[in-house]
Structures are given as C-alpha cells and as structure tokens.
Amino acid sequence: MDARMKHVPDAATGELVDAQFVELAVEVFSMLADPTRVRILLALRGGELPVNTIAAAVNKAPAAVSQHLAKLRLARIVSTRHDGTRVFYRLANEHAAQLVTDAVHQAEHALGQPRHHRTAPTDPT
C-alpha cells in the first residue's frame, strides 16, 4: 500500500485517520443500508430485547430478524447476552445508537422536516 494511503486527513480536526478505520466505516454504513436493520437498531435504542420482541417491533418474521441480527453482530454493531435458552440483543455501544440517530436526523433534513430542531411551544401564561 502506498504510504500516502495509510492515513486520511480529517479536515475538521487536522488529525490523520488510519485508512483501515475508513474501510471499516464503509462496512458499518453498508450494514445500515437496509431498512430492516435500521428499524432493528431503532428498537434496540430502548435497551436489550429478545428476537421475538424485536421481530414484533419491526413487523418481520423472527427468522428474518435473526439473520439481520447475525450480520449486525458480526459487524460488532450489536452484542448478545444469553439467559438460559433465550438470547438478548443490545447495541454494542453508544456510537451505534448515535449513528442511527444521526442517520434519521439527516433523512429529516433531506426532506426539509428536521423534527429534532423543533422546540416545544412555550406556555405564554
């Protein structure tokens, strides 16, 4: 690999980002390029859940949700906890939650409807 390609400059911070992290970031984004996976991550923002509860939340069959969760687990976006025969899934870290939040906020901006910027009306009395 060319020495210049080992690091990518971050214009915001001036720091050099290892090209390996850029490649892994692309893999993370590819995992989020599926509406069901985004819905799963939104469901998991409330805490850990078993597959059947996630499936009901995203309106998909448990088998299909299990396949998506397996991919998200391999990408280290979700992690698991076993309790007897049940498996509970949760977001691997706070960055996974923030990533999906920011993606939804970006979508709101793209549609000109950024709800996250709206403030609650104040009571004039």
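Basis for what follows: all heavy atoms, side chains included, without hydrogens, waters or symmetry-related copies.
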- Message: Under the salt bridge (Lys or Arg N to Asp or Glu O under 4.0 Å) definition, can you give me all pairs with a residue in residues 36-45, not counting sequence neighbours?
- Response: none

- What residue pairs, at least two apart or across chains, pass salt bridge (Lys or Arg N to Asp or Glu O under 4.0 Å) with a residue in residues 97-109?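 Every pair satisfying salt bridge (Lys or Arg N to Asp or Glu O under 4.0 Å) with a residue in residues 97-109: Glu108-Arg115.
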
- Task: Could you tell me which residues satisfy side chain to side chain donor-acceptor pair (under 3.5 Å) with Arg76, sequence neighbours excluded, listed by chain and number?
- Result: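 Side chain to side chain donor-acceptor pair (under 3.5 Å) check on Arg76 returns nothing, list empty.
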
- His109: partners by side chain to side chain donor-acceptor pair (under 3.5 Å), with sequence neighbours left out: His116, His117

- Query: Under a single-linkage rule joining Ile, Leu, Val, Met, Phe, Trp and Tyr whose side-chain heavy atoms are separated by less than 4.5 Å, which residues share a cluster with Val26?
  - Reply: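 Result for Val26 is none, singleton.
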
- Task: Considering only Ile, Leu, Val, Met, Phe, Trp and Tyr, and joining two whenever side-chain heavy atoms are under 4.5 Å apart, list the other residues clustered with Val104.
- Result: Val28, Phe29, Met31, Leu32, Val38, Ile40, Leu41, Leu42, Leu44, Leu49, Val51, Ile54, Val58, Val65, Leu69, Leu72, Ile77, Val78, Val87, Tyr89, Leu91, Leu99, Val100

- Item | Partners meeting salt bridge (Lys or Arg N to Asp or Glu O under 4.0 Å) with Glu27 (sequence neighbours left out) | none

- Considering residues at least two apart in sequence or located in another chain, which fulfil the salt bridge (Lys or Arg N to Asp or Glu O under 4.0 Å) criterion with Arg81?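 Scan of Arg81 (salt bridge (Lys or Arg N to Asp or Glu O under 4.0 Å), adjacent residues dropped) gives Glu48.
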
- Would you say Thr101 and Gln98 make side-chain contact, with heavy atoms under 4.5 Å?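 The answer is yes, as the side chains (C-beta and beyond) meet within the 4.5 Å cut-off.
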
Ignoring hydrogens and angles, write down the donor-acceptor pairs under 3.5 Å from the side chains of residues 8-22, residues two or more places apart or on other chains.
unit_1 : atom_1 : unit_2 : atom_2 : d
Asp10  : OD1    : Ala12  : N      : 2.9
Asp10  : OD1    : Thr13  : N      : 3.4
Thr13  : OG1    : Glu15  : N      : 3.1
Asp18  : OD1    : Gln20  : N      : 2.8

- Task: Please report the shortest heavy-atom distance between Ala55 and Ala61, naming the atom on each side.
- Result: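 Heavy atoms of Ala55 and Ala61 come nearest at CB-C, 4.1 Å.
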
- Task: Over all heavy atoms of both residues, which pair between Ala92 and Ser79 is shortest? Give the atoms and the distance, please.
- Result: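 Nearest pair, atom of Ala92 first, then Ser79: CA-OG, 4.1 Å.
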
- Query: Considering residues at least two apart in sequence or located in another chain, which fulfil the side-chain contact (heavy atoms from CB on, under 4.5 Å) criterion with Asn93?
  - Reply: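 Asn93: side-chain contact (heavy atoms from CB on, under 4.5 Å) contacts with His95, Ala96.
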
- Query: Which pairs pass side chain to side chain donor-acceptor pair (under 3.5 Å) with one or both residues in residues 53-63, sequence neighbours excluded?
  - Reply: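 Pairs touching residues 53-63 that pass the test: none.
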
- Message: Before you tell me yes or no, could you show the steps for Thr80 and Phe88 under side chain to side chain contact (heavy atoms under 4.5 Å, CB included), namely the whole-Å CA-CA distance, both residues' side-chain angles and the distance that decides it to 0.1 Å?
- Response: CA-CA 5 Å; Thr80 60; Phe88 291 84; over 6 Å; no

